[in-house]
Amino acid sequence: MSNSPNHFLEISQFDSATLNTILDDAQTMKDGRKGQPKGMVEADKPLAGKILAMIFEKPSTRTRVSFDVGMRQLGGETLVLSSADMQLGRGESIADTARVLSRFVDGIMIRTTGNEKLLELADAATVPVINALTDFSHPCQVMADMQTLREHKGDLSKLKLAWVGDFNNVTNSFIHASARFGFELDIAFPKEIEPNHDVLSWGRDNGAKITVGHDADAAAKNADCIVTDTWISMGDANDTGENKNLHNQFSPFQVNDALMDKAKGDALFMHCLPAHRNEEVTDKVMDGPQSVVFDEAENRLHAQKAILKFCMSET
Ligand code: CP
Ligand code: NVA
């Protein structure tokens, strides 16, 4: 077993060539299985005999199902673990959990809260660790989004994206992606929200073409794609129910027909899902012809299969 596992922790960790190779593989696998049953295993079974443990400290639909189905399609198997049912839930350290799981499985995927937990896991694990969302980032989602954009629009370096709404974990991964894939990123969010200055600095230091402001219309102007996300992420201080102040802060950032009209005529609408319909996006936009949200969801499967192969095929 390798002493330095091939973790997939952040998009920022990799150069453009590596990320594009992963996306190429994702697209080849997607194209190669058109019309096949979802349970059909890839002919070369690249992860035969391998087991992925999936630890969830937060809820999930897409991540859980796409990693599970993806491993099966690659010839491997999965264990789905909820931290609440593990000794992790009653105080065993993340590092010890990593050391133990590394004796049983060939890879660990984790959805957790603080980024420090991901790093502690990756540091102690002797098998690859994959980041399936933290409070800081959501790199697997944004890799699927890059695949989706490439399919619909081609060369990413020629695109302008508008991110409107919250400044959250998905935004951070889009900033990482902007530096690595070369697209312009215009971010608009409520002035009451503090952006992640470290990530913005990292992006600028690494050549990302980022604009930051509080005007959704200005961000959307001439955009090839408008992207948004829920106004309240899992575990946010406001993740408890109705909050009228928050609603008032965010409502100017709703993606509706008027905002889509500010973008290019053929602009896409993207959202990682789950959506809170008629809050951050109207039904009309979400269900309209410019929306590619279910392509993004499907591409979680293909992009993550390529990530799983990248991380686990040689361990
Ligand atoms: N987009 C995403 O990660 O969805 P889930 O929370 O359902 O996994
Ligand atoms: N920003 C959202 C993404 C959900 C997939 C959250 O963290 O809840």
Side-chain angles (χ1 to χ4, degrees), residues 8-11 26 52-71 78 80-83 108-118 130-149 161 163-177 185 187-190 193-196 199 226-241 243 246 249-250 253-255 269-277 279-281 286 291-305 307-308:
F8 190 88
L9 304 181
E10 301 296 346
I11 287 174
L52 177 75
M54 309 197 288
I55 305 175
F56 286 95
E57 291 203 289
K58 292 180 175 186
S60 167
T61 298
R62 278 142 289 266
T63 304
R64 177 187 175 123
V65 176
S66 56
F67 268 106
D68 199 337
V69 171
M71 272 305 281
T78 56
V80 182
L81 306 167
S82 157
S83 60
I108 304 169
M109 183 230 81
I110 185 163
R111 166 167 287 195
T112 187
T113 52
N115 198 51
E116 67 287 350
K117 292 195 194 176
L118 172 75
I130 298 174
N131 175 359
L133 182 146
T134 67
D135 293 347
F136 175 70
S137 62
H138 199 359
C140 291
Q141 175 67 52
V142 175
M143 286 295 281
D145 293 348
M146 294 300 109
Q147 187 184 352
T148 309
L149 272 172
L161 272 62
W163 172 280
V164 297
D166 197 8
F167 196 116
N168 63 18
N169 45 4
V170 182
T171 327
N172 290 338
S173 288
F174 263 96
I175 292 170
H176 291 159
L185 182 62
I187 307 171
F189 56 98
I193 288 180
E194 196 61 35
N196 189 317
V199 178
I226 298 184
V227 196
T228 193
D229 188 9
T230 179
W231 292 340
I232 304 174
S233 285
M234 294 179 279
D236 274 359
N238 287 300
D239 190 12
T240 47
N243 182 332
L246 205 73
Q249 277 173 32
F250 277 111
F253 299 86
Q254 184 188 64
V255 183
F269 169 70
M270 296 179 84
H271 188 313
C272 64
L273 305 180
H276 296 75
R277 284 170 173 265
E279 289 193 358
E280 72 269 11
V281 57
M286 174 107 167
S291 171
V292 292
V293 297
F294 299 109
D295 291 347
E296 291 176 77
E298 178 184 339
N299 284 338
R300 293 296 301 279
L301 172 67
H302 309 296
Q304 287 162 192
K305 281 170 67 183
I307 291 168
L308 286 163

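Predicted model, so just to flag it, every value in this text is computed and none were measured. Both counts, for ligands and for their atoms, begin at 1 and track the order of listing.
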Answer with yes or no whether the side chains of Glu280 and Thr228 bring together a donor and an acceptor at under 3.5 Å.
no
Could you check atom 3 (C) of ligand 2 against the protein and tell me its nearest heavy-atom contact, residue, atom and distance included?
Asp229 OD2, 3.6 Å
Test item: side-chain donor near acceptor, Asn168 and Thr171, under 3.5 Å
yes
of all protein heavy atoms, closest to atom 8 (O) of ligand 2 is Met234 N, 2.8 Å
For the residue pair Thr230 / His276, report whether a side-chain donor-acceptor contact shorter than 3.5 Å exists.
yes
With respect to Arg111, determine whether any N or O atom, backbone or side chain, lies less than 3.5 Å from an N or O atom of ligand 2.
no
Within ligand 2, which atoms have a heavy atom of Asn169 less than 4.0 Å away?
1 (N), 2 (C), 6 (C), 7 (O)
Consider every N or O of Thr230 and every N or O of ligand 2, then say whether any pair is closer than 3.5 Å.
no
Lys58 and Met234 have their tightest heavy-atom pair at NZ-O, 3.3 Å
Can you name the side-chain hydrogen bond (donor to acceptor under 3.5 Å, both in side chains) partners of Ser60, sequence neighbours left out?
none
Select one of side chain, backbone, both or neither to describe which atoms of Leu133 lie under 4.0 Å from any atom of ligand 2, heavy atoms only.
side chain
Can you find an N or O of His138 that's nearer than 3.5 Å to an N or O of ligand 2?
no
For Thr78, give me all partners under side-chain hydrogen bond (donor to acceptor under 3.5 Å, both in side chains), at least two apart in sequence or on another chain.
Asp68
Going by the atom numbers of ligand 2, which of them fall below 4.0 Å from some non-hydrogen atom of Asn168?
1 (N)
Which N or O atoms of ligand 1 sit under 3.5 Å from a protein N or O, and how far apart is each pair?
from: ligand 1; atom 1: 1 (N); to: Gln141; atom 2: OE1; distance (Å): 3.0
from: ligand 1; atom 1: 1 (N); to: Cys272; atom 2: O; distance (Å): 3.0
from: ligand 1; atom 1: 1 (N); to: Leu273; atom 2: O; distance (Å): 2.8
from: ligand 1; atom 1: 1 (N); to: Arg300; atom 2: NH1; distance (Å): 3.4
from: ligand 1; atom 1: 3 (O); to: Thr63; atom 2: OG1; distance (Å): 3.1
from: ligand 1; atom 1: 3 (O); to: Arg111; atom 2: NH2; distance (Å): 2.9
from: ligand 1; atom 1: 3 (O); to: His138; atom 2: NE2; distance (Å): 2.8
from: ligand 1; atom 1: 3 (O); to: Arg300; atom 2: NH1; distance (Å): 3.0
from: ligand 1; atom 1: 4 (O); to: Arg62; atom 2: NE; distance (Å): 2.8
from: ligand 1; atom 1: 6 (O); to: Arg111; atom 2: NH1; distance (Å): 2.8
from: ligand 1; atom 1: 7 (O); to: Thr61; atom 2: N; distance (Å): 2.7
from: ligand 1; atom 1: 7 (O); to: Arg62; atom 2: N; distance (Å): 2.8
from: ligand 1; atom 1: 7 (O); to: Arg62; atom 2: NE; distance (Å): 3.1
from: ligand 1; atom 1: 7 (O); to: Arg62; atom 2: NH2; distance (Å): 3.0
from: ligand 1; atom 1: 8 (O); to: Ser60; atom 2: OG; distance (Å): 2.7
from: ligand 1; atom 1: 8 (O); to: Arg62; atom 2: N; distance (Å): 3.4
from: ligand 1; atom 1: 8 (O); to: Thr63; atom 2: N; distance (Å): 2.9
from: ligand 1; atom 1: 8 (O); to: Thr63; atom 2: OG1; distance (Å): 2.7
from: ligand 1; atom 1: 8 (O); to: Arg111; atom 2: NH1; distance (Å): 3.4
from: ligand 1; atom 1: 8 (O); to: Arg111; atom 2: NH2; distance (Å): 3.3

Which residues pass the ring pair (Phe, Tyr, Trp, His ring centres under 6.0 Å) test with Phe67, not counting sequence neighbours?
none
Looking only at distances, can you tell me whether any N or O atom of Leu273, backbone or side chain, sits closer than 3.5 Å to an N or O atom of ligand 2?
no
Minimal heavy-atom distance between Asp166 and Asp236, with the atoms involved, is OD2-OD2, 4.0 Å
Do you know the tightest heavy-atom contact between Phe136 and Asn196?
CE1-ND2, 3.7 Å
Heavy-atom closest pair (Phe8 atom, Pro139 atom, distance to 0.1 Å) is CE2-CB, 3.8 Å
